[in-house]
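A short worksheet on the structure shown next.
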Amino acid sequence: SQQGEEDPQALSIQEGENATMNCSYKTSINNLQWYRQNSGRGLVHLILIRSNEREKHSGRLRVTLDTSKKSSSLLITASRAADTASYFCATGSPRAGSYQLTFGKGTKLSVIP
Amino acid sequence: DTGVSQDPRHKITKRGQNVTFRCDPISEHNRLYWYRQTLGQGPEFLTYFQNEAQLEKSRLLSDRFSAERPKGSFSTLEIQRTEQGDSAMYLCASSPLGTGGDQPQHFGDGTRLSIL
C-alpha cells in the first residue's frame, strides 16, 4: 500500500523557476528519502533525511521534514530542462529489521526550456 | 561501480506462462530488494534479501511469486502462471549494510513485463 501522497500530482514550470513538491505520510518513520525517475528508467536516489532532522541541502535541492505534521517538501531551485522527471518520496520503517521503502504516487515535473 | 543490472529489459508473454527475471546488484552491496511498479504509481515493495537470506516478504508476493538469491550475489524473481494483473515494471535495488535501515537504495532500470 502507498504510504506517502505527493502533491501536486503534476507540475509544469519554466526553466529557471523553483519547483516545490510536498509529501505527506501516515505512520511513524525512520527516515524519508526522495527519488527521481526518468521515463522508462529506474529510480535515482536524491536525498535522505532522518526523522530527527528538520532540513537538508544537496546542491540545488532542499528537503524539509516536519514529523509532527507527517510531511516533507522537496524544493528544486533554478530548475533545468534536465530536471523533467517524476519525483517520489519514500519512507523507511522504524520497525527493527525492516528495510523496505514505502513510496508515494509521485509528482510529475515538467520543466519547459 | 557498474550499477544494478536487470535482465531482460522487456518481457512479453502469454497469460499462464512462467517468467523469470534476473538482477545483478552492485557487487559490494549485501542487501537486495524487489519492487513492482504499475503505470502512474510508485514502486511497491515485494521482498528483501540480506546476503542469501530472504528476510522480508510483502503480502503482495503471492504463492505464484518466488525469489532467490543463491550465494548472496545475483537474484532471480520467478512468476508462475502469469495473470493480466502481473503486467508491471519489476525493479531491483541494492544497498550496503548500514545502521538504522537508512541506506539509500540503488535501482536498476527494471524489467517491463507485458502479459498478452
Side-chain angles (χ1 to χ4, degrees), chain A residues 1-10 21 23-26 28-53 56 58 61 63 65 85-108, chain B residues 1 3-7 9-10 21 23-26 29-51 53-61 88-112:
Chain A
S1 62
Q2 308 283 166
Q3 154 85 303
E5 285 281 337
E6 284 92 342
D7 172 55
Q9 289 187 333
M21 288 160 265
C23 167
S24 59
Y25 57 91
K26 296 172 187 169
S28 61
I29 61 171
N30 172 285
N31 64 80
L32 187 141
Q33 304 182 32
W34 285 91
Y35 287 81
R36 183 188 76 221
Q37 185 177 36
N38 290 89
S39 182
R41 304 296 300 272
L43 284 80
V44 175
H45 179 263
L46 296 176
I47 199 164
L48 181 152
I49 186 165
R50 294 182 175 82
S51 58
N52 61 354
E53 296 176 315
K56 207 157 182 183
S58 176
L61 306 181
V63 167
L65 178 64
S86 291
Y87 291 81
F88 295 91
C89 68
T91 52
S93 171
R95 186 163 49 92
S98 176
Y99 300 102
Q100 64 174 278
L101 293 176
T102 305
F103 287 84
K105 294 183 179 180
T107 292
K108 192 166 185 177
Chain B
D1 179 353
V4 177
S5 176
Q6 291 189 247
D7 183 66
R9 289 294 313 279
H10 304 275
F21 312 138
C23 171
D24 286 90
I26 293 171
H29 285 183
N30 301 86
R31 295 193 176 126
L32 186 148
Y33 314 80
W34 285 99
Y35 292 84
R36 181 174 70 188
Q37 184 178 25
T38 53
L39 205 59
Q41 303 292 314
E44 292 181 295
F45 172 78
L46 292 178
T47 190
Y48 145 70
F49 290 84
Q50 182 163 308
N51 300 314
Q54 188 174 18
L55 297 183
E56 204 170 2
K57 285 164 60 171
S58 163
R59 56 184 169 78
L60 290 176
L61 210 67
M89 175 82 89
Y90 289 84
L91 293 163
C92 176
S94 69
S95 71
L97 288 177
T99 57
D102 59 358
Q103 294 296 316
Q105 295 182 15
H106 301 256
F107 283 79
D109 281 337
T111 294
R112 181 166 295 285

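From a predicted model like this one, the values you see are computed outputs, not experimental measurements. Lettering follows sequence order; numbering is per chain, from 1.
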Quiz item: Can you tell me how far the CG atom of B:L32 sits from the CD atom of B:Q54, to the nearest 0.5 Å?
Solution: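 It comes to 10.5 Å.
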Practice problem: Among the options B:M89, B:R112, B:Q37, pick out the one with the most heavy-atom pairs lying under 4.5 Å from chain A. | Solution: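 Winner by heavy-atom pair count: B:Q37.
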Self-check item: Most chain A-contacting option - heavy-atom pairs closer than 4.5 Å, from B:C92, B:S58, B:G110, B:G108
Solution: B:G108
Quiz prompt | B:Y90 vs B:C23 side-chain heavy atoms within contact, under 4.5 Å | solution = no
Quiz item: Between B:Y33 and B:Y48, what is the ring plane arrangement, given parallel below 30°, perpendicular above 60°, and tilted in between?
Solution: parallel
Quiz item: What part of A:Q37 lies closer than 4.5 angstrom to a heavy atom of chain B: side chain, backbone, both or neither?
Solution: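 For A:Q37, side-chain heavy atoms alone lie under 4.5 Å from chain B.
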Exercise. Answer yes or no: is there a donor N or O on one side and an acceptor on the other, between the side chain of B:T47 and the main chain of B:E56, under 3.5 Å?
Key: yes
Self-check item: Contacting region of B:L55 [heavy-atom separation from chain A under 4.5 Å]
Solution: neither
